[in-house]
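Sequence positions, counted from 1, serve as the residue numbers for this chain. In listed order, ligands and their atoms are each counted from 1. None of the values given here were measured: they were computed from a predicted structure.
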Amino acid sequence: MLMILKMGVTQQQIDKLVDFIEKHKLKAHVSIGETKSIVGIIGDESKISKEHLESFDFVEKVMPVQKPYRRASREIHPENTVIDVKGVKIGGNEITMIAGPCSIESEEQAFEIATALKKMGVKVYRGSAYKPRTSPYAFQGLGLKALKILRKIGDELGLVVETELMDIRNIEVVAKHVDMIRIGARNTQNFDLLKEVGKVDKPIILKNGVSTTMEEWLFAAEYILNEGNNNVILCERGIRTYEPATRNTLNLSVIPILKELTHLPVIVDPCHAAGKRGPIPALSKASVAVGADGLLIEVHNNPQVALSDAAQQLTPKDFEILYNDLKRVAKSVDRTLV
Ligand code: PEP
Ligand code: MN
């Protein structure tokens, strides 16, 4: 942390600041200039908050040198984190396709989609059992019944299965049935939930919230990492902007920035960003081109009658065309898509 002090600062004030820094078992380096003086903190600056230093009224500016999210940062973990879920490696050279319906609606529906995807070569299957719906009258998900279907799909078809966890009270039952847990946009900053999934031995897909900044999202990941779960996958799913052309605006700008700042895998969900089918192929290709480590795509055997997100789910046929196109885009960026 570097602090620029205001003009006219007295020696007594500098001593007071140095004393404050040393009380935190850190060293202070003072540099008295002709017009401005600078104080540098040497050591783990996370021991003192920026706000606390800014509260000294003779401090003009505080500039952190280290990233405030320590565990998620490349500063302490320069290599990419590669997460191995039952042999599927996420975050390495391979780009991972995660596909499946928005909601598990019945065993027949879920199996029909899963069988089609498996045949194409998809290795990770998505499907929600608990649905975060805006209206309490909308389909809320099949709950435990859906979790059992997911496990059956995982075991019988040899797919890695994932689902959303919304409520801490379901953490054990969800962890028991699926291989990866997804935290959705409405719970990105549900800190108690994040701390609990941090104690679970399953990879966590953490979406951004519709109005979280990138830094807030990384802090959310830090909550999980802090509890000992190092397997966090960030998933960009669009942000709320003034643009009504799509339901949310897919924030692809954040992907290369995240890849530089964090060692965690970063994937993209273009479906919940677009809210409609049309833009999904182009957004998916752009995601691969911009450096995403994976995609999360909704596929339904009969989207017209889907109980949730009917407008944005792809048919297996349309998905297959996209999947093959994406393999070519991946190749052009020296990666393979599985
Ligand atoms: C989902 O992936 O099923 C979902 C509800 O997405 P989000 O949390 O991004 O809205
Ligand atoms: Mn959905």
Side-chain angles (χ1 to χ4, degrees), residues 96-105 109-110 113-114 117 124-136 138-143 146-147 149-150 160-167 170 174 178-190 193-194 197 203-212 214 216-217 220-221 224 232-241 246-252 254-255 266-277 279-280 283-284 287 292 294-315 319:
T96 312
M97 177 58 77
I98 304 171
C102 178
S103 304
I104 300 295
E105 299 173 7
Q109 171 251 17
I113 301 164
L117 293 171
V124 189
Y125 186 71
R126 66 149 283 148
S128 296
Y130 303 96
K131 293 302 303 168
R133 303 307 297 276
T134 304
S135 163
F139 176 61
Q140 303 287 306
L142 296 182
L147 294 178
I149 296 170
L150 279 166
V160 168
V161 291
E162 68 84 86
T163 203
E164 176 167 355
L165 172 70
M166 296 203 298
D167 186 329
N170 292 327
V174 165
V178 296
D179 308 308
M180 292 205 277
I181 297 173
R182 173 167 26 97
I183 300 292
R186 290 151 195 84
N187 279 307
T188 309
Q189 290 187 300
N190 182 340
L193 185 62
L194 298 177
V197 295
I204 309 299
I205 299 172
L206 176 66
K207 292 199 175 186
N208 64 292
V210 289
S211 59
T212 49
M214 186 192 68
E216 286 165 343
W217 185 16
I224 303 173
V232 178
I233 299 155
L234 299 168
C235 178
E236 161 60 32
R237 54 80 69 211
I239 52 173
R240 188 161 285 180
T241 68
T246 48
R247 187 166 68 187
N248 292 281
T249 299
L250 187 63
N251 185 10
L252 285 185
V254 90
I255 309 300
V266 183
I267 67 169
V268 175
D269 168 2
C271 303
H272 291 89
K276 53 186 173 190
R277 203 165 290 121
I280 292 170
L283 293 175
S284 304
S287 303
L295 282 158
L296 183 78
I297 296 196
E298 288 189 337
V299 180
H300 196 287
N301 51 345
N302 191 357
Q304 271 70 43
V305 299
L307 298 180
S308 57
D309 287 344
Q312 72 194 35
Q313 302 201 60
L314 302 184
T315 59
F319 173 80

Suppose I only count heavy atoms of [X] and a 4.0 Å limit; which atoms of ligand 1 are within that range?
| X | value |
| --- | --- |
| Arg237 | 7 (P), 9 (O), 10 (O) |
| Ser128 | 3 (O) |
| Gly184 | 8 (O) |
| Lys207 | 1 (C), 2 (O), 4 (C), 6 (O), 7 (P), 8 (O), 9 (O) |
| Arg126 | 1 (C), 2 (O), 3 (O) |

Has the side chain of [X] got a donor or acceptor atom that lies under 3.5 Å from a matching backbone atom of [Y]?
| X | Y | value |
| --- | --- | --- |
| Gln313 | Thr315 | no |
| Asn208 | Arg237 | yes |
| Thr241 | Thr249 | no |
| Arg126 | Pro101 | yes |

If I consider every N, O or S atom in Asp309, which one ends up closest to the Mn ion (ligand 2)? I only need its name.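 The closest N, O or S atom of Asp309 to the Mn ion (ligand 2) is OD2.
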
Decide yes or no for Pro303 and Arg277: does some side-chain heavy atom of the first lie under 4.5 Å from some side-chain heavy atom of the second? yes

So which heavy atom in the protein is nearest atom 4 (C) of ligand 1, and how far is it from that ligand atom? His272 NE2, 3.4 Å

Around atom 5 (C) of ligand 1, find the nearest protein heavy atom and jot down its residue, atom name and distance. Glu164 OE1, 3.6 Å

Metal-centred angle, the Mn ion (ligand 2) as apex - OE2 of Glu298, NE2 of His272, 10° resolution: 80°

Close N or O approach (Ala185, ligand 1; < 3.5 Å):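 N/O-N/O distance below 3.5 Å exists for this pair.
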
Do you see an N/O/S atom of Cys271, backbone or side chain, under 2.8 Å from the Mn ion (ligand 2)?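 Within the cut-off used here (under 2.8 Å), Cys271 places no N, O or S atom near the Mn ion (ligand 2).
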
side-chain contact (heavy atoms from CB on, under 4.5 Å), that's the test. Do Cys235 and Ile98 meet it? Break it down for me. CA-CA 11 Å; Cys235 178; Ile98 304 171; over 6 Å; no

For atom 1 (C) of ligand 1, the option (of Arg182, Met166, Glu298, Arg247) bearing the nearest heavy atom: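 Looking at heavy atoms only, Arg182 sits closest to atom 1 (C) of ligand 1.
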
Ser308 and Ser103: side-chain donor and acceptor closer than 3.5 Å?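 Side chains of Ser308 and Ser103: pair found under 3.5 Å.
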
Is a donor from one side chain sitting under 3.5 angstrom from an acceptor on the other, for Asp309 and His272?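 Result is yes, a qualifying pair exists.
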
